[in-house]
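What follows is one structure encoded as structure tokens, with my remarks underneath.
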Amino acid sequence: MENANQLKFTPDVFGYPLLFVMSIWIVFWFESRFGVNFNKFGVYPRNIEGLRGIIFSPFIHGSLKHLFNNSIPLFVLSSALFYFYRNIRWKVLIFGLLLTGIATWIIGRESLHIGASGVVYMLAAFLFFKGIFSKQFQLTALALAVVFLYGGLLWYVFPVNPEISWEGHLSGFLVGLVFSFIFKTNPIQNKKYEWEKEDYNPDDDPFLKQFDENGNFIELPKEVVEETIENEKPVEQITKRVKIVYTFKKNSDSISDEN
């Protein structure tokens with residue numbers, strides 16, 4: 001039976017993130033093609049009508065540059081989420097999107113906040129902190145990769161540019177940090193060695209048998225060593241010995257020549 005926690009690649013690892021990014025591009029194309037503006041559907045803090053932006057704002061972007069800057073990290077980070085955190089990926093993505101929008105609605109300036117950058121910050125923070133807290137080398141390596149690729153995003157959780165919704169960035173960052181504590185289960189099962197198993201008995205270990213109680217090496221009798229090696233050999237590697245007997249018989253021509 002296949003381990004449910006085993007990392008494996010399936011088409012949906014790239015499929016759903018690509019569909020998410022494509023939907024954002026389709027919305028932008030529709031705005032450009034038909035001359036409409038969906039900015040009014042963004043998050044407007046502390047306004048009842050602005051609550052609709054919690055769902056719609058990640059799909060709305062003000063410019064091609066804004067859209068392009070969000071598309072690549074959104075695809076990369078969501079693909080990493082779908083691959084390494086298969087069991088909780090939808091919870092992180094959907095609830096993270098909603099909570100990021102709600103937090104932006106609470107703490108944001110009285111202006112329209114649009115774009116998927118809040119979701120990007122949520123994913124980056126979750127992948128980083130969860131990887132560090134997990135103490136598993138695969139997830140820790142992922143966390144370091146996130147820092148290497150997108151560590152510069154940290155500056156934009158502060159009001160360094162009045163045209164950038166740093167409140168959305170900060171909201172996503174905090175939501176990702178909180179999620180790293182809430183989702184405590186690790187997606188990858190730790191491998192246990194023989195000596196880490198509960199039924200491990202040191203007296204039956206063929207390697208430890210070669211040392212006394214003081215840790216000194218002792219030479220085992222040849223018979224014991226051969227028996228230990230034979231017991232460790234898998235059944236499929238044991239070969240049968242076949243004995244071949246040769247006999248010599250003179251032919252009739254040789255007999256007649258000698259006579």
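Count residues from 1 along the sequence.
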Q: Could you tell me whether a side-chain N or O of Arg46 sits under 3.5 Å from a main-chain N or O of Ile106, the two making a donor and an acceptor?
A: yes
Q. Within the side chain of Ser57, is there an N or O that forms a donor-acceptor pair under 3.5 Å with the backbone of Gly115?
A. no
Q) Looking at Ile107 and Ser171, what are the two nearest heavy atoms and their distance? A) CD1-OG, 3.5 Å
Q: Taking all non-hydrogen atoms of both residues into account, name the closest pair between Gly42 and Ile60 and its distance.
A: N-CD1, 4.3 Å
Q) Does Phe183 CZ have over 12 foreign heavy atoms under 6.0 Å away? A) yes
Q. Is the CZ atom of Phe9 crowded by more than 12 outside heavy atoms at less than 6.0 Å?
A. yes
Q | Intermediate values then yes/no, side-chain contact (heavy atoms from CB on, under 4.5 Å), Phe82 and Leu93 | A | CA-CA 9 Å; Phe82 273 58; Leu93 184 60; 4.0 Å; yes
(Q) Quick one: does any side-chain atom of Arg109 pair with a main-chain N or O of Pro162 as donor and acceptor, under 3.5 Å? (A) yes
Q. Does the pair Leu77 and Tyr150 meet the rule for a side-chain contact (heavy atoms from CB on, under 4.5 Å), with working shown?
A. CA-CA 10 Å; Leu77 295 174; Tyr150 303 111; 4.0 Å; yes
Q | Gap separating the CD1 atom of Ile88 from the CD1 atom of Ile182, nearest 0.5 angstrom | A | 10.5 Å
Q.
Rounded to the nearest 0.5 Å, what separates atom CZ in Phe75 from atom CZ in Phe14?
A. 5.5 Å
Q | Test item: Lys130 side-chain N/O and Tyr85 main-chain N/O as donor-acceptor pair under 3.5 Å | A | no
Q.
I'd like to know if the side chain of Arg52 and the backbone of Lys40 have a donor-acceptor N/O pair within less than 3.5 Å.
A. yes
Q) Using the ring of each side chain (for Trp, its six-membered ring), is Phe133 parallel, tilted or perpendicular to Phe181, with breaks at 30° and 60°? A) tilted
**Q.** Side-chain touch Val13/Arg86, heavy atoms, less than 4.5 angstrom
**A.** yes
Q. Just by distance, do the side chain of Trp105 and the backbone of Asn47 share a donor-acceptor pair under 3.5 Å?
A. yes
Q.
Quick check on Ile55: does its CD1 atom have over 12 non-hydrogen neighbours (other residues, nucleotides or ligands) under 6.0 Å away?
A. no
Q. Within the side chain of His113, is there an N or O that forms a donor-acceptor pair under 3.5 Å with the backbone of Ser165?
A. no
Q) Less than 4.5 Å apart, any side-chain heavy atom of Ile114 and any of His61? A) no
Q: Check whether any side-chain N or O of Ser134 sits under 3.5 Å from a backbone N or O of Gly131 as a donor-acceptor pair, and report yes or no.
A: yes
Q | Verify same cluster id: Phe68, Val21 (apolar side-chain graph, 4.5 Å) | A | yes
Q: Check whether Phe148 and Ile132 end up in the same hydrophobic cluster, where Ile, Leu, Val, Met, Phe, Trp and Tyr are linked by side-chain heavy atoms less than 4.5 Å apart.
A: yes
Q | Atom of His169, atom of Ile164 and distance for their closest heavy-atom approach | A | CE1-CG2, 3.3 Å
Q.
Tell me whether Val76 shares a hydrophobic cluster with Leu144, the cluster being built from Ile, Leu, Val, Met, Phe, Trp, Tyr side chains joined at under 4.5 Å.
A. no
Q) Out of curiosity, does Phe41 fall in the hydrophobic cluster containing Leu112 (side-chain heavy atoms, cut-off under 4.5 Å, transitive links)? A) no
Q: Could you tell me the separation between the CZ atom of Phe128 and the CG atom of Leu177, rounded to the nearest 0.5 Å?
A: 10.0 Å
Q: Find the distance between CG (Asn70) and NZ (Lys65) and round it off to the nearest 0.5 Å.
A: 12.0 Å
Q.
Please tell me whether Phe173 and Ile102 are part of a single hydrophobic cluster in this structure, the criterion being side-chain heavy atoms less than 4.5 Å apart.
A. yes
**Q.** Interatomic distance, Glu167 atom CD to Thr100 atom OG1 [nearest 0.5 angstrom]
**A.** 13.5 Å
Q.
Between Ser32 and Trp29 (side chain of the first, backbone of the second, donor and acceptor by atom type, cut-off under 3.5 Å), is there such a pair?
A. no
Q.
Using every non-hydrogen atom in the two residues, find where Val43 and Ile54 come nearest and quote the distance to one decimal.
A. CG2-N, 3.6 Å
**Q.** 4.5 Å side-chain heavy-atom contact, Tyr16 and Ser78
**A.** no
Q. Of the non-hydrogen atoms in Leu67 and Ile24, which two are nearest, and what is the gap between them?
A. CD1-CG2, 3.1 Å
**Q.** Check against side-chain contact (heavy atoms from CB on, under 4.5 Å), Leu64 and Trp25
**A.** CA-CA 9 Å; Leu64 184 62; Trp25 279 86; 3.7 Å; yes
Q. CZ of Phe38: more than 12 outside heavy atoms within 6.0 angstrom?
A. yes
Q.
Whether the side chain of Tyr121 engages the backbone of Leu153 through a donor-acceptor N/O pair (distance < 3.5 Å, no angle test) should be reported.
A. yes
Q) Is there a side-chain contact (heavy atoms from CB on, under 4.5 Å) between Leu142 and Gln138 once you walk through the steps? A) CA-CA 6 Å; Leu142 174 63; Gln138 300 99 325; over 6 Å; no
Q: Quick one: closest heavy-atom pair of Arg89 and Asp12, and the distance?
A: NH2-OD2, 2.9 Å
**Q.** Distance (rounded to the nearest 0.5 Å) between Ser79 OG and Phe20 CZ
**A.** 12.0 Å
Q: Quick one: sort the Phe34 and Phe30 rings into parallel, tilted or perpendicular, breaks at 30° and 60°.
A: tilted
